[in-house]
Number of protein chains: 2
Amino acid sequence: MYERKIIPNLNCGLDLVGEVLYGKWKMRLLWFINEGHKRPSELQRKIPDATRRVLNIQLKELEEHELVSKIIYPVVPPKVEYSLTDFGKTLIPVISAIGNWGDEYEERLRALILKRLD
Amino acid sequence: MYERKIIPNLNCGLDLVGEVLYGKWKMRLLWFINEGHKRPSELQRKIPDATRRVLNIQLKELEEHELVSKIIYPVVPPKVEYSLTDFGKTLIPVISAIGNWGDEYEERLRALILKRLD
DNA sequence: TCATATAGGGATAAATTAATCCCCTATTGT
DNA sequence: ACAATAGGGGATTAATTTATCCCTATATGA
């Protein structure tokens, strides 16, 4: 695994949240798990732009941060299920607020973002 | 300026928010500007962990995304003031929700994050 | 005359994150 | 025998983001 060379700042709430929520797909993973899409293959189908590899990595980090828990069923073919921990559930309203803002200003945001890409 | 090589996904609200809010210091900049710290040097003092360079870059992006506006007073020594646009103000409750969650679980988050750094 | 404050930016290096590529396990169905 | 399905991971490269270093300008105060 990658080992940090710079110790992160953990001064305020925003720093702390950043540490667990930064990551291109993390909020979406939490969101879809909360919606009941528990298995890795389901999550991959919900987020086709990400590779399985990255999803695995980000899921593992979410697990280490105790936001999700993982159950591995000892069956063949393998079966795995993720679910939110109680701690992870407390994040849902926050993610919801973020997503709602994005949805509300969707048109405007899309235009602004595209404009900046030349 | 850096020119992207991969077109970002802009599928859902979360993608869109990410485009304007990703950036290590952006939420803090918006927050402090909202609190009335308008001048670059003030902002730098509020965020001493960031270099002026980075703050300038991120402020510029916030400006291009119409979240903040910038006034340059033609005086010497130079004077500049940032303020939130109406659009930018709509983000404050969202940032607030994020920061509050971080503050609420500060102890736990700090412990979890530090544990993962070995 | 020299340091300080104010605001800014180019060029480059370093750090971090994400993407690519390829490989493994074991069972069921064709 | 072989493909498909399910879940996973090492090694490496590419992309992106931050940090460093250094330089510009002008006025004021010591």
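Computation of the quantities below employed the complete heavy-atom set of this structure, encompassing side-chain atoms and omitting hydrogens, waters and symmetry-equivalent molecules. Please read all numbers here as calculations on a predicted model, not as lab measurements. Chain naming here is simple, since letters A, B, ... match the order of the sequence lines and numbering starts at 1 in each.
Contacts of A/Thr51 with the nucleic acid, taken as non-hydrogen atoms under 4.0 Å apart, include base atoms. Backbone-only engagement by B/Arg4 is indicated by non-hydrogen atom pairs under 4.0 Å involving sugar-phosphate atoms exclusively. B/Lys26 comes within 4.0 angstrom of nothing in the nucleic acid, heavy atoms only. Residue B/Gln58 is in sugar-phosphate contact alone, with no base atom involved, counting any heavy-atom pair closer than 4.0 Å across all strands shown. Counting any heavy atom pair closer than 4.0 Å across all strands shown, A/Arg39 reaches sugar-phosphate atoms only and no base atom.
Rounded to an integer number of Å, the gap from B/Arg52 CZ to D/dT18 P is 18 Å. Distance B/Lys60 NZ to C/dA7 P: 16 Å, rounded to the nearest Å. Distance B/Leu59 CG to D/dT18 P: 13 Å, rounded to the nearest Å. As a whole-Å value, the separation of B/Lys79 NZ from C/dT6 P is 12 Å. The CD atom of A/Glu19 sits 13 Å away from the C1' atom of C/dT17 (whole-angstrom rounding). Rounded to an integer number of Å, the gap from CD1 of B/Ile57 to C1' of C/dG10 is 10 Å. Remark: P of C/dG8 and CD of B/Glu61 are 15 Å apart, rounded to the nearest angstrom. With rounding to whole Å, A/Gln44 atom CD is found 10 Å from D/dG7 atom P.
Criterion: ILVMFWY side-chain heavy atoms under 4.5 Å apart, direct or through other members. Under it, B/Ile113 and A/Leu14 are part of a common hydrophobic cluster. Each of B/Ile71 and B/Leu30 belongs to its own hydrophobic cluster when Ile, Leu, Val, Met, Phe, Trp and Tyr are linked at side-chain heavy-atom distances under 4.5 angstrom.
One donor-acceptor pair, N or O on each side, does fall under 3.5 Å between the base of C/dG10 and the side chain of B/Arg53.
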Which is it for A/Arg28 and B/Cys12 under the side chain to side chain contact (heavy atoms under 4.5 Å, CB included) test, yes or no, and what are the steps along the way?
CA-CA 10 Å; A/Arg28 266 208 255 6; B/Cys12 62; 3.7 Å; yes
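Two residues, B/Lys24 and A/Lys70, neighbour DNA chain D, and the one matched to the more 5' nucleotide by heavy-atom proximity is A/Lys70. Of the residues near DNA chain C, A/Pro78 and A/Asp49, the one whose nearest nucleotide (by heavy atom distance) lies more toward the 5' end is A/Asp49.
Closest to the side chain of B/Arg45, from the set C/dG9, C/dT6, D/dT26, is C/dT6. Nearest nucleotide to the A/Tyr2 side chain, out of D/dA19, D/dA15, C/dT17: C/dT17. Proximity note for A/Lys5 (side chain, C-beta onward) versus D/dA27, C/dG8, C/dT16: the nearest is C/dT16. The A/Ile6 side chain lies nearest to C/dA15 when the options are C/dA15, C/dA18, D/dG8. In the set D/dT18, C/dG8, C/dA18, the nucleotide with an atom closest to the side chain of B/Val80 is C/dG8.
Classification of B/Lys26 and B/Glu61 as a salt-bridged pair holds, one side-chain N sitting under 4.0 Å from a carboxylate O.
Geometrically, A/Lys79 engages A/Tyr73 in a cation-pi contact defined by less than 6.0 Å to the ring centre and at most 45° from the axis.
Taking the six-membered ring where tryptophan is involved, the planes of A/Phe87 and B/Tyr105 are perpendicular, since the angle between them exceeds 60° and thus also 30°.
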